[in-house]
Amino acid sequence: MNTSTSIKNRLDLLFESKNERILSLYYTAGFPNPEDTIPVLEALQESGADIVEIGMPFSDPIADGPTIQESNKKALDQGMSIEKLFAQLKEMRNKVDLPVILMGYLNPVMQYGVEKFCASCQEVGIDGLILPDLPMAEYLDFYKPTFDQYGLYNIFLITPQTSDDRVKEIDRNSRGFMYMVSSASTTGAKNEITDVQRQYFERIKNMQLSIPRLIGFGISNKETFDQACAHANGAIIGSAFINLLDRSKDLKKDIREFINGIKN
Amino acid sequence: MKVEVDERGYYGSFGGAYIPEMLYPNIEELRLQYMSIIQDRDFQKDFRKLLHDYVGRPTPLFFAERLSEKYKANIYLKREDLNHTGAHKVNNTVGQILLARRLGKQKIIAETGAGQHGVATATVCALMGMECIVYMGEVDMARQKPNVERMRILGAEVRPAKSGSKTLKDATNEAMRHWINNPTDTHYIIGSVVGPHPYPDMVARFQSVISEEMKWQFKEATGNENPNHIVACVGGGSNAAGSYFHYYENDEVNLIAVEAAGKGNATGESAATTVLGTPGILHGSRTLLMQTIDGQVVEPYSISAGLDYPGIGPIHAYLFESGRGKFISVTDEEAMKAGVLMSKLEGIIPAIESAHALAALDYMQYDRDDVIALNLSGRGDKDLETYIKWGGY
């Protein structure tokens, strides 16, 4: 059964109804504890997050800083895998109607089997994928037809070093949103946004792209979230949220307070 | 058989450039420029001059009479151990530092396992007056203390890689992360024929001086520029790629690649990627990789830190798949015995990596008249402690 034409992608639905101050949260599947994937997701839905990115842990996450590396390692040590993740997400659409994206590195997806992976994504209700080490050229030549068939949007990253021409090319070839990496860096909180970054945000904003832009990497609190939202449709918080989960004694309460603190 | 990288950076189905967007501008800059820089006449002049005056090339091709007698063949040692810094690694670092200067980069980063590539990088950085940071797994730093201090004496900063298994794979991850955070002023000198395109091809070209010399040296020594067999050890595979390079198309030359079987391929403590690996993506290229069924990279094991890597260069994955290369794996025990044998018969203490190549002769088929080129990739000084600990001499 191919339902990709009958169900509208939740990313599109979201951006049709809202195009500013979009808050996306990233966390690692099976972190801090193996069975926390769904409770964290549901708490994010209840707390008013707009998008959720669930990280698929990998042994060698080269685009990630220490916080997400550690969360990947802990999740793997506790036996997390893509297979287990899909089992956990099986019933998620009973309670969660947010756009949900899976983020991770290409190798585990390849070993699971790309087509099987996409089919599983569609089955549980995944809306998009972020695979930082899948280059655009490979995506277009070998992956896009399969992603399309299963209604999955592939989200691309851009950085301050990405040329205007390439930004336009990415804009033409992607759906959902564009993931703007805030500076030349791996993931992790930096607690401030500099003038050089603002110039880059404005440069991209003025390009009049066809898809929305979310800023990620280094967004950690209300201040940096507000600053990012001044230049884009919203922002993504990862490492700071992982740190919160790591020290939390009451996930539901802490997640609610964290999201409230960012949004209001 | 033609063994060439295609436009997209593939050898058959292996290779490519699976890198996050943050590294795209750097890799693209390299991809667009490396060939024209390497082929530039001034570059070649500088490169050749340094290889000659500083590294000490050409390295001798030595007829190992007593080993030949023992193995009943004609064994020639390509003496890469006589290079400055004691191994073939410096051929590549000399090339890459000249390239980095032409790209206008001021800073150099590198990863290292046993420390040989780190030392070779620190050496050329000292020579060129460039800032050098070498990432090394915390576990390897403890295992290879003298090389850590050599790098420091040469003025490099050695940064411990504390993530994951704290060895070569993680040092490579940390170097890539450093590059992501410092994309504009820094060049990353990868030490083997691994990583995203164009690294495997670029490193192979710098190392190809080994087989370039072998051709005229064999012609001089035997009257025929082609040996029957070329034997080299493979971790990532740069010394093998260099010693095969000018012989790929000559199908009567057997290319023998020797992997480390550690304590045995069935023990779970091995680094023999073609035996235990499956296709996957690590450090930017699609290659053979030791991994779990879930696609998590497995930590390999070998007594030799230079062969202790969970993948092989994409070019070797291609040689394996196509059958152009023949792969043999030998255990720690076999390699150590071979190392001692070479020491006693030829007066040369080989690096344990290179000793693996000699040990493979026991598994090869050859005739009494066959000419065997054995790439002696490095000297054993750095391994003294391991030889002493092993003690079988």
Side-chain angles (χ1 to χ4, degrees), chain A residues 56-66 69-70 72-73 75-77 79-85 104-113 117 130-138 141-142 156-163 166-167 170 178-181 183-188 190 217, chain B residues 7-10 13 15-29 31 161-165 169-186 195-197 278-287 289-299 310-311:
Chain A
M56 300 175 284
F58 182 47
S59 54
D60 297 82
I62 59 165
D64 287 299
Q69 284 173 42
E70 279 307 310
N72 276 230
K73 186 169 188 312
L76 289 174
D77 288 347
M80 198 59 203
S81 67
I82 290 179
E83 193 104 44
K84 279 194 185 143
L85 176 60
Y105 294 82
L106 190 54
N107 194 54
V109 172
M110 271 181 55
Q111 305 311 321
Y112 187 86
F117 177 81
I130 306 175
L131 302 166
D133 58 348
L134 173 59
M136 185 166 57
E138 307 291 323
D141 289 354
F142 305 113
F156 286 100
L157 276 57
I158 64 165
T159 80
Q161 279 72 42
T162 309
S163 70
R166 190 163 165 89
V167 171
I170 288 171
M178 189 178 288
Y179 193 132
M180 288 178 65
V181 177
S183 66
S185 76
T186 43
T187 55
K190 283 154 208 83
F217 288 41
Chain B
E7 219 169 74
R8 301 173 64 117
Y10 285 88
S13 66
Y18 294 85
I19 43 157
E21 187 65 28
M22 293 81 106
L23 289 178
Y24 179 83
N26 295 29
I27 295 296
E28 188 65 1
E29 178 186 35
R31 186 181 74 82
K162 297 179 175 181
S163 57
S165 51
K169 162 177 95 73
D170 310 284
T172 309
N173 292 340
E174 288 303 330
M176 287 193 164
R177 289 180 186 121
H178 181 109
W179 211 20
I180 286 172
N181 283 281
N182 301 273
T184 49
D185 62 354
T186 302
H197 177 67
T278 49
I281 289 169
L282 180 67
H283 297 146
S285 71
R286 183 176 189 277
T287 187
L289 181 63
M290 290 169 60
Q291 57 185 327
T292 66
I293 196 161
D294 295 326
Q296 308 299 338
V297 182
V298 166
E299 189 54 29

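Predicted, not measured: the structure shown is a model, and the values here were computed from it.
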**Request:** Check A:F58 against B:G295 and note the closest heavy-atom contact, atom names and distance.
**Result:** CE1-O, 3.2 Å
Name the region of [X], side chain, backbone, both or neither, that has any atom closer than 4.5 Å to a heavy atom of chain B.
X      : answer
A:Y112 : neither
A:D64  : backbone
A:L131 : neither
A:D141 : side chain
A:Y179 : neither

**Complete:** Between B:E21 and the options A:V181, A:T159, A:D133, the side chain to side chain contact (heavy atoms under 4.5 Å, CB included) test singles out A:T159
With a 4.5 angstrom heavy-atom cut-off, could you sort out which part of [X] is near chain A: side chain, backbone, both or neither?
X      : answer
B:P196 : neither
B:E28  : neither
B:I19  : backbone

**Greatest number of heavy atom pairs closer than 4.5 Å to chain A - which of B:R286, B:M176, B:M22** = B:M22
What distance do [X] atom [atom1] and [Y] atom [atom2] have between them, rounded to the nearest 0.5 Å?
X      : Y      : atom1 : atom2 : value
B:L289 : A:Q111 : CG    : CD    : 7.5 Å
A:I82  : B:Q296 : CD1   : CD    : 8.0 Å
A:S59  : B:L282 : OG    : CG    : 7.5 Å
B:N173 : A:D60  : CG    : CG    : 4.5 Å
B:D294 : A:M56  : CG    : CE    : 12.5 Å

**Message:** Heavy-atom pairs under 4.5 Å with chain B: which of A:S163, A:P61, A:P160, A:G65 has the most?
**Reply:**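 Looking at each option in turn, the highest pair count goes to A:P61.
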**Under the salt bridge (Lys or Arg N to Asp or Glu O under 4.0 Å) test, residues paired with B:E299 that sit two or more places apart** = none
**Partner set under salt bridge (Lys or Arg N to Asp or Glu O under 4.0 Å) for A:E70, not counting sequence neighbours** =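 Testing A:E70 for salt bridge (Lys or Arg N to Asp or Glu O under 4.0 Å), a comparison that skips the adjacent residues, returns none.
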**Request:** Side-chain contact test, heavy atoms from C-beta onward, threshold under 4.5 Å: evaluate it for A:I62 versus B:P20 and give yes or no.
**Result:** yes
**Message:** Within the 4.5 Å heavy-atom criterion, are B:Y24 and A:R166 side-chain neighbours or not?
**Reply:** yes
**Request:** Apply side-chain contact (heavy atoms from CB on, under 4.5 Å) to the pair B:R177 and A:Q69, showing each step before the final yes or no.
**Result:** CA-CA 12 Å; B:R177 289 180 186 121; A:Q69 284 173 42; 3.1 Å; yes
